[in-house]
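One-based numbering along the sequence shown. All figures in this text were calculated on a predicted structure; none of them were measured in a lab.
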Amino acid sequence: MFASKVKGLPKLYQLLKDNKTIWVVYLDIINFHEVEFRYGYKICQEILTEIENEIYFTLKKQRSLFLFSHLESRGGDDFVVYFVPGENTHWEMSDLLEQWVLPMEERFNRRLSKLVKEKIRLRTGIARCVNIDSRSADYLLYAVVKEAFLLNKSEPDPQFFARREEITHLIEEPEKYLRTAFQPIIETRNGDIFGFEALTRIPGSICFSDISDLFPFAEKIGQLYPIETLCRRQAIKAYPNVLNDKEFLFLNINPQILLDPEFASGQTRKLLSEMGITPANVVLEITERSAIENYAAFRDALDHYRGQGYLIALDDLGAGYSSLQSVAELHPDFLKVDRSLISGVHADPTKWALLETFVTFSKRIGCSIIAEGVETDEEMRTVVQLGVDYVQGFFVAKPDFFRRSINPAVREILNPERRFKYTENKPINSMIEPLPLFATNVLVSVVETYFRDHPHQWLVGITEDSRIVGVMQRDRLFAALGTRYGVPLYLERTVPILMDTNPLMVEDTTPLEVVSSLAMQRSDSQLYDGIIVANQRKPIGMVSVANLMKAMSERQIQLAQGANPLTGLPGNLRIDQEIRQHIERDLTFGLLYIDLNKFKYYNDLYGFQQGDLVIKMLSEVLLNVRDSLNDETFVGHIGGDDFIAIASPENLETLAAEIIKQFEQSCKQLPGQENLSVALAGLVINNAEQNWTPLLVSERAARIKKEVKALGGNSFILR
């Protein structure tokens with residue numbers, strides 16, 4: 001039968017409760033505002049009346065084809081038609097556009113030809129509604145009308161019904177269709193795995209190329225919540241396959257999901273508990289696929305989950321909807337910088353500056369930065385150099401269904417002792433600026449345009465097979481083009497014709513003092529040219545002479561402030577910094593406390609001048625031993641006749657034995673050698689066994705020192 005416009009909805013509710021399938025068709029006129037502009041309001045009202053009457057009479061004429069049908073006018077040019085197929089429906093409802101809408105469109109256009117001189121076309125959105133016991137009929141009909149509306153307003157999708165069917169199967173059998181891969185996130189502080197981001201995969205899908213296609217479609221048909229819930233559940237179930245103690249699980253969460261009653265009910269927390277995972281080891285990663293409209297309500301939801309122990313990460317910083325407002329409003333624990341900002345950051349001054357700003361900003365507000373999408377050695381070195389806390393990307397490891405090892409190249413870049421040494425000795429890579437790169441087959445005109453578009457850029461690199469073969473200086477380029485025949489001679493030729501093929505190039509681990517010496521040895525014409533920093537001739541960036549001189553000045557000031565005036569060795573300030581940073585980096589290290597026995601007696605007997613010579617002799621012994629062992633040992637002068645050395649634990653005994661040996665040899669040239677001996681107190685500091693502090697290190701070393709001095713003579717004790 002055909003129901004009236006007023007009495008239709010109660011009947012639909014009842015049919016739905018009787019487990020009948022209801023099809024909803026959302027119709028509107030394509031570009032109706034343009035039709036109204038061309039023909040005016042009065043004509044358009046007549047058009048709408050004709051279309052509504054045609055729909056009404058078509059339904060009435062075809063009432064025997066359906067168990068039930070119903071028309072709603074939504075105002076303007078929007079109409080909603082409900083169909084309940086019956087035994088007499090002789091075509092599939094998926095064919096409704098071809099079998100029902102297009103013929104009806106032809107009929108009303110014949111009558112409208114007297115009003116307008118163009119075809120009026122309908123845009124269609126079709127959705128299906130079935131009964132779900134846990135939802136009211138009113139809610140289900142509202143949801144399906146919304147789905148039909150969204151489909152109506154979106155681009156036509158020839159795969160719609162196949163995709164809809166696949167999502168139905170996915171929801172019914174998630175174990176068959178959904179798998180979870182895990183991509184590690186590592187700490188730049190020590191190279192350890194901090195956690196894993198769970199990434200859903202649909203390997204058997206026919207209609208979706210990857211998961212990023214599935215989520216928008218699921219949202220369009222009102223199935224985003226169940227899909228995300230299933231993805232989350234599959235991730236939690238699979239996580240124990242890769243989990244080690246204290247590692248975090250990053251779960252992608254759409255902002256609207258946090259407001260979903262099912263998520264808030266604690267089902268996720270219950271599943272975590274079943275798998276032996278606590279909320280304190282879970283980071284809810286807010287993906288922001290859609291904008292957050294009500295920050296107040298969203299903050300309340302976040303506070304609820306924070307109260308349960310979850311941490312919060314804000315994804316896609318620098319892309320999409322993600323904004324500084326979200327950071328200010330939500331106070332995340334982690335900020336994930338989007339791949340779009342990380343890609344090519346080593347050679348893009350703007351991206352470099354933005355990432356540097358984000359890092360500084362994160363320190364100010366007390367959260368951590370995660371660089372995602374790091375794919376190359378150069379990107380890795382740059383994000384580490386700029387102070388990013390955590391790194392994720394193909395360069396570290398690709399997503400996998402099982403726990404895999406980290407790229408060995410990452411371990412080399414993040415080697416804590418190597419990085420610590422370079423930081424303290426001020427290698428050139430601590431002050432690198434981005435170096436834009438061009439290939440050798442690029443025309444001079446391209447580089448000239450780049451310099452004009454970037455007025456503050458004064459140097460670019462020229463590469464061949466990823467290795468630097470020359471540079472182009474801004475001033476020299478424009479000087480060459482400014483000559484009488486410069487433009488016709490050079491502009492449309494490739495860059496090798498003007499590039500400098502012999503720039504100063506240094507490795508990224510070169511100390512500042514060495515770079516400064518090399519820079520100052522250049523000819524006067526090249527004295528202020530930029531310095532290229534590379535790793536095995538692969539360009540990393542550049543350094544200006546002005547910044548190099550500034551860093552050298554600061555270095556000299558620091559040395560003057562922290563060095564012992566007698567020996568020139570680092571003093572107490574540097575020693576304290578060294579110990580603190582080793583402890584903070586969770587490094588296991590060896591400490592050697594070196595003290596002359598009965599030095600006051602020797603000093604009184606032979607005079608202060610001779611005493612100072614002995615102290616300087618001991619400092620030279622310590623430096624000679626360090627250099628001869630080719631070790632990364634730190635040597636400092638506490639004051640008076642007390643010294644300290646910090647080395648790897650396995651080298652501590654060798655270091656002590658060599659110090660005693662060289663000290664004995666050096667004493668043979670001094671008066672009163674029989675009164676000179678050295679006591680060495682060795683201590684291994686391991687944070688895994690005890691929570692060390694600089695004060696505790698000092699107290700423990702003092703006790704060992706007292707013990708070894710009691711032995712007399714050249715002695716060494718290791719504890």
Side-chain angles (χ1 to χ4, degrees), residues 424-425 555-579 590-629 631-647 651-683 694 697-718:
E424 291 305 302
N425 291 335
R555 173 76 168 152
Q556 294 304 317
I557 292 172
Q558 289 174 355
L559 285 174
Q561 291 176 339
N564 184 282
L566 178 61
T567 61
L569 292 176
N572 287 323
L573 179 62
R574 283 285 311 285
I575 293 170
D576 183 67
Q577 289 175 347
E578 187 86 13
I579 294 173
L591 182 141
L592 203 60
Y593 200 113
I594 303 112
D595 184 22
L596 290 167
N597 290 317
K598 299 180 180 179
F599 180 69
K600 184 177 184 305
Y601 173 79
Y602 184 90
N603 208 35
D604 291 343
L605 187 62
Y606 293 97
F608 291 107
Q609 186 174 5
Q610 186 61 36
D612 285 350
L613 287 176
V614 172
I615 291 173
K616 293 174 72 173
M617 178 269 289
L618 179 55
S619 73
E620 290 170 2
V621 166
L622 297 177
L623 292 175
N624 287 337
V625 171
R626 181 197 67 183
D627 295 341
S628 66
L629 293 178
D631 193 14
E632 296 180 352
T633 298
F634 169 87
V635 176
H637 189 175
I638 298 172
D641 61 323
D642 291 350
F643 294 82
I644 199 166
I646 298 174
N651 291 340
L652 210 57
E653 292 193 49
T654 303
L655 186 68
E658 192 63 26
I659 289 172
I660 290 174
K661 177 183 176 182
Q662 290 197 25
F663 179 78
E664 289 176 343
Q665 292 174 349
S666 298
C667 284
K668 292 178 181 179
Q669 305 172 11
L670 297 174
Q673 59 175 297
E674 67 278 4
N675 295 311
L676 291 172
S677 62
V678 65
L680 286 79
L683 175 64
V697 170
S698 177
E699 291 174 350
R700 190 68 57 84
R703 287 204 295 267
I704 302 172
K705 170 189 167 184
K706 183 177 180 180
E707 186 179 348
V708 71
K709 286 180 74 69
L711 298 176
N714 295 313
S715 308
F716 168 59
I717 291 179
L718 176 62

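Crowding of Lys709 atom NZ: a count of heavy atoms from other residues, nucleotides or ligands under 6.0 Å exceeding 12. No more than 12 heavy atoms of other residues, nucleotides or ligands sit less than 6.0 Å from atom CD of Gln609.
Atoms CG and OG, from Asp641 and Ser619 in turn, are 12.5 Å apart once rounded to the nearest 0.5 Å. Atom CG of Asn675 and atom OH of Tyr606 lie 5.0 Å apart (nearest 0.5 Å). Asp595 CG to Lys706 NZ: the interatomic distance, rounded to the nearest 0.5 Å, is 13.5 Å. Atom CG of Leu596 sits about 8.0 Å away from atom OG of Ser677, to the nearest 0.5 Å. Atom-to-atom distance recorded for Ile704:CD1 and Phe716:CZ is 9.5 Å, nearest 0.5 angstrom.
Among all heavy-atom pairs drawn from Ala701 and Ala681, the shortest one is O-CB, 4.2 Å. Contact between Ile594 and Leu592 at its shortest, heavy atoms only, is CD1-O, 3.5 Å.
Looking at heavy atoms from C-beta onward, Thr567 lies in side-chain contact with Ile615 at the 4.5 angstrom threshold. Between Glu653 and Leu718 the shortest side-chain heavy-atom distance falls below 4.5 Å. Here the side chains of Lys705 and Asp642 are in contact, with some heavy-atom distance below 4.5 Å. Leu591 is listed as a side-chain neighbour of Ile579, based on a closest heavy-atom distance under 4.5 Å. The side-chain heavy atoms of Leu569 and Phe643, taken from C-beta on, include a pair separated by under 4.5 Å. The closest side-chain heavy-atom distance from Ile717 to Leu711 is below 4.5 Å. Side-chain contact between Gln610 and Leu605 is absent, with no heavy atoms from C-beta onward closer than 4.5 Å. Side-chain contact between Pro671 and Tyr602 is present, with heavy atoms from C-beta onward closer than 4.5 Å.
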Leu655 vs Thr633, test: side-chain contact (heavy atoms from CB on, under 4.5 Å). Steps then yes/no. CA-CA 9 Å; Leu655 186 68; Thr633 298; 4.1 Å; yes
Walk me through it: do Tyr593 and Val708 pass the test side-chain contact (heavy atoms from CB on, under 4.5 Å)? CA-CA 10 Å; Tyr593 200 113; Val708 71; over 6 Å; no
Less than 3.5 Å apart, which donor and acceptor atoms pair up between the side chains of residues 657-667 and the rest of the protein, not counting sequence neighbours?
{"from": "Glu658", "atom 1": "OE2", "to": "Gln662", "atom 2": "NE2", "distance (Å)": "3.3"}
{"from": "Glu664", "atom 1": "OE2", "to": "Asn714", "atom 2": "ND2", "distance (Å)": "3.1"}
{"from": "Ser666", "atom 1": "OG", "to": "Gln662", "atom 2": "O", "distance (Å)": "3.0"}

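Comment: Lys616 does not engage Asp612 in a salt bridge, judged by the lack of any side-chain N to carboxylate O separation of less than 4.0 angstrom.
For Asn603 (side chain) and Phe599 (main-chain N/O), no donor-acceptor pair under 3.5 Å exists by modelled atom type.
A side-chain contact (heavy atoms from CB on, under 4.5 Å) with Ile575 is found for one member of Ile638, Val635, Ile646 and no other, namely Ile638.
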